[in-house]
2 protein chains.
Amino acid sequence: MQIIRFPSREDWKSVLERPVFDHSKLFETVQTVLNDVRSNGDVALKKYSLKFDKVAIENFELSPEEWSEAEKLISVNLKQAIEMARRNIWKFHIEQQHELPEIQTSPGVFCWQKAVAIEKVGLYIPGGTAPLFSTVLMLGVPAQIAECNQVVLCTPPNKNGKIHPAVIYAAKVAGIHRIFKLGGIQAIAAMAYGTETVPNVYKIFGPGNQYVTAAKQLVSLHDVAIDMPAGPSEVEIIADEQANPAFIAADMLSQTEHGVDSQAILITVSDKIIQPVLEQIELQLEQLPRKEIARKALEHSKIILVKNLEEAVEMTNEYAPEHLIISTRYYMGVAANIVNAGSVFLGDYTPESAGDYASGTNHTLPTNGYSKAYNGVNLDSFVRKITFQQISKDGLTNLSNAITLMAESEDLQAHSNAVKIRLDFEPEDEPFDNCTRR
Amino acid sequence: MQIIRFPSREDWKSVLERPVFDHSKLFETVQTVLNDVRSNGDVALKKYSLKFDKVAIENFELSPEEWSEAEKLISVNLKQAIEMARRNIWKFHIEQQHELPEIQTSPGVFCWQKAVAIEKVGLYIPGGTAPLFSTVLMLGVPAQIAECNQVVLCTPPNKNGKIHPAVIYAAKVAGIHRIFKLGGIQAIAAMAYGTETVPNVYKIFGPGNQYVTAAKQLVSLHDVAIDMPAGPSEVEIIADEQANPAFIAADMLSQTEHGVDSQAILITVSDKIIQPVLEQIELQLEQLPRKEIARKALEHSKIILVKNLEEAVEMTNEYAPEHLIISTRYYMGVAANIVNAGSVFLGDYTPESAGDYASGTNHTLPTNGYSKAYNGVNLDSFVRKITFQQISKDGLTNLSNAITLMAESEDLQAHSNAVKIRLDFEPEDEPFDNCTRR
């Protein structure tokens, strides 16, 4: 843990640096695998599953028997927990449905937006050390609300070719249609290009290791959309003298247990909480199963003492954290000035883990300072807003001077003609103007 | 023009192929320029402006004198046209403001979304054959409604170091803050990394040639967001027997005059309109100043005859056109089944050029089939939806079983501890729980 007191403004950039990995270093390797899957389909998928995941898979798709047996393998308590989380995520995301009313921008000119689900989406859920069934809910529930036609999920199987039953159960309650036992670059390639077994999709969501991230970036250049660029996960906490050091330590540790490249930043206006926070971190760290990971991540974590809350807010907006916990007496005032963050947690009883699992907000959030330009996954991530316009003959007459003059000033005569030819038309039969109103 | 009658479904893919350019071929060249600007700032900008745009620029930024003289250089009529377009674009985009109401997802658990403008955005406006001041409005007006703090615009100057006054005037009415005389790769690099003169931004918008497109793709991998991937522009028209061949021809020509890689597709259920459309194209083409460009683009344009409107709709959703004109008697019924398109134009009096300039919808739209996953630029393109959550002690108690059980099932003990430590806390002073309600 680094402790920095009153850094000068010129040093902010280096103080706020992240442990970022340059994915473009992997592009060549990753591109080879992508091309192979694109050309050779299932044969390549089998090859790379054996090579990277050390598992020989005959049938990638989860069978109906595997779908139904999952339900028997997890406890009633866990099912209830998943159901509660699902319900809260559903409640928060369904409110994000919003249809723009039809606007008459000029007399006879009617414009509107229609939210239409992306037809085919793919969700990637990493394997590795923990079965991230919470992410299945975070991606599956909004896809379900959006009513995407085809929602497929890829996740790497374990050595026995099995997927964790909690992942399957969460997929079931989130209405996911098909699951494939596929991980890594080959999973991203399969969803981007399709194979004999795996359907291609139009947008890929979900976290992953550096190879998955590089693969998502490469396929997004040409072939398929992705949720957002990815980097290591992070939390920032703003605290004043009333904040509870034990809570701060717990939040920093819950971030750092994610991975060795995670980062936890405490920005505080109170020098006197620093020592207690450090003591609490040591105390709580010892009891963690993942303490080795957390300890490594703490090496690039920081406690920064600043002059006042104004400076804390400015520094936060510069850092643009994925998760921001505001633990100050009057946190709503601080929150009002936050402009760059993924998700914000307010007050002493709102730990990040509440949002990670069950408050209802989405935990797929922009890392690496990307919250300056991106937001987290929400319902809009699964739809497109198609615009429509319907213009009557009188409406086009109203617009005609503006259109023809602007088009001709842009040297686009045919654009102008498309208006003139309609208004000059002297029909035997009047063209069918059924724009009376819908 | 290719005419294809009743293609079989297996041939749809090849029939609907686009004249796409693979931008990754340019990546090496483009990366060199990006790196140079990143390292050498204004010096590199001057070098590349001289090399690529053949102009020696001392001061990249438009001076106050240049800002004000533009107003005198364009006609009152054009000003009125720009003002009408601006007003309609404003009317349509301001309705897209939408704040999610606060949701109580469980007792004591309050979640909401706040739309916050991206602080710094950059707009790129190509130079080349035509001054695209309409695009200035399409990008500037939503940025203005979103209240982005800093909106900068880059556009290449002509040989005399000047920018077209209509571009400057449109920038003025759209509230753009600063204009820089910069084009091509170097403009994208300047906005992505910042130089001594040009501020960096968090998101870059706007069309451009293949080099600009490649530069936007490369900077989007690490450094800055972009509006969307780009490809050649296109229009598709669905027509039945009542459609007017002269109008169809005019719309196809207004698309093909954009560039030699543009594409116009007519999908029709009526064989008898095909010949009249071809005749009208020849007739109208002859009178166009840009007829050479249009003629080349017509070479990869197509007329496709299909069995019925159901097949026309299916084929349309497969093609996923940027612009779709529906010229059928009962166009609302056809429109209802369109799921992949950028912007849709309904009926005989709604040419694409209406949306290009003045109906109010945005003309920055997904090309190249990207409308399967992306929508056009809208107000949301300039904001992020930050999520907030505020939980009372009772609220956390309600969630605690779900959170701790799910976290522990994901092997994330510290996530569970962050909840337990709060609820187990036996304070001398109770932590400050001011979640009484905002």
Side-chain angles (χ1 to χ4, degrees), chain A residues 81 84-85 88 91-92 95 98 103 105 109 111 116 130 202-203 225 242 244 246 250-251 253-254 257 288-289 339 343-344 346-351 353 357-361 372-373 375 384-385 387-391 393 396 399 402-403 405-406 410-411 413-415 417-418 421 431-432 435, chain B residues 81 84-85 88 91-92 95 98 103 105 109 111 116 130 202-203 225 242 244 246 250-251 253-254 257 288-289 339 343-344 346-351 353 357-361 372-373 375 384-385 387-391 393 396 399 402-403 405-406 410-411 413-415 417-418 421 431-432 435:
Chain A
M84 184 190 209
N88 285 355
K91 277 191 184 174
F92 188 62
E95 291 291 332
H98 174 60
I103 313 294
T105 55
V109 181
C111 300
V116 180
Y202 300 148
K203 189 169 183 178
Q242 71 80 41
N244 186 309
D251 291 332
L253 287 171
S254 75
E257 76 173 340
L288 292 181
V339 293
S343 193
V344 183
L346 297 167
D348 273 336
Y349 289 103
T350 314
S353 46
Y357 292 106
S359 68
T361 62
K372 288 178 178 174
N375 50 228
R384 294 139 306 143
K385 308 280 175 72
T387 52
F388 290 81
Q389 48 247 290
Q390 184 189 24
I391 306 178
K393 189 170 186 182
L396 189 61
L399 296 181
I403 298 171
L405 194 54
M406 289 176 76
E410 289 191 347
D411 295 336
Q413 186 63 46
H415 281 65
N417 291 355
I421 205 165
F432 194 71
C435 183
Chain B
M84 185 190 207
N88 285 356
K91 276 191 185 172
F92 187 62
E95 291 290 334
H98 173 61
I103 313 294
T105 55
V109 181
C111 300
V116 180
Y202 300 149
K203 188 169 183 178
Q242 70 81 41
N244 186 307
D251 291 333
L253 287 171
S254 74
E257 76 172 341
L288 292 181
V339 292
S343 194
V344 183
L346 298 167
D348 271 336
Y349 289 103
T350 314
S353 45
Y357 291 106
S359 69
T361 62
K372 289 178 178 173
N375 50 230
R384 294 137 308 142
K385 309 278 176 74
T387 52
F388 291 82
Q389 48 248 292
Q390 184 189 24
I391 306 177
K393 190 171 183 178
L396 189 60
L399 297 181
I403 298 171
L405 194 55
M406 289 175 76
E410 289 191 348
D411 294 335
Q413 186 62 45
H415 282 64
N417 292 355
I421 204 166
F432 193 72
C435 183

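The figures that follow rest on heavy atoms only: side chains count, while hydrogens, waters and symmetry mates do not. These numbers were taken from a predicted model, which means no experiment stands behind them. In the text below, chain A, chain B and the rest are named by the order of the sequence lines, each starting its count at 1.
- Phe92(B) approaches Thr387(A) most closely through the heavy-atom pair CE2-CG2, 3.9 Å.
- Taking CG from Asn417(B) and OG from Ser353(A), the interatomic distance works out to 9.0 Å, rounded to the nearest 0.5 Å.
- In terms of heavy atoms, Gln389(A) sits closest to Thr361(B) at OE1-OG1, 2.7 Å.
- In terms of heavy-atom pairs under 4.5 angstrom with chain B, the leader among Ala85(A), Ala250(A), Gly360(A) is Ala250(A).
- Taking chain B as the reference chain and counting heavy-atom pairs below 4.5 Å, the highest number among Leu405(A), Thr105(A), Asp251(A), Val109(A) is found for Thr105(A).
- For a residue to count as touching a neighbouring chain, one of its non-hydrogen atoms must lie under 4.5 Å from one of that chain's; by this rule Met84(A) touches chain B with the side chain only.
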_side-chain contact (heavy atoms from CB on, under 4.5 Å) between Leu399(B) and Asn88(A), intermediate numbers included_ = CA-CA 10 Å; Leu399(B) 297 181; Asn88(A) 285 355; 3.5 Å; yes
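- Side-chain N or O atoms of Thr350(A) include none that pairs as donor or acceptor with a backbone N or O of Gln390(B) at under 3.5 Å.
- Of all heavy-atom pairs spanning Ser359(A) and Cys111(B), the tightest one is O-SG, 3.4 Å.
- Heavy-atom distances place both the backbone and the side chain of Val344(A) under 4.5 Å from chain B.
- Most heavy-atom pairs under 4.5 Å with chain B: of the set Ala225(A), Ser254(A), Ala358(A), Ala81(A), this distinction falls to Ser254(A).
- The two residues Tyr349(B) and Leu396(A) come nearest to each other via the heavy atoms O-CD2, 3.6 Å.
- A distance-only check finds a donor-acceptor pair linking the side chain of Glu257(B) to the backbone of Ala414(A) [under 3.5 Å].
- In this pair, Tyr357(B) and His415(A) present their aromatic rings perpendicular. The plane angle is above 60°, beyond the 30 to 60° band.
- Here the shortest heavy-atom pairing between Lys91(A) and Ile103(B) reads O-CG2, 4.1 Å.
- Interface check for chain B: of the options Ala246(A), Pro351(A), Ala402(A), the most heavy-atom pairs under 4.5 Å are formed by Pro351(A).
- When each of Leu288(A), Leu253(A), Ile403(A) is checked for heavy-atom pairs under 4.5 Å with chain B, Ile403(A) comes out on top.
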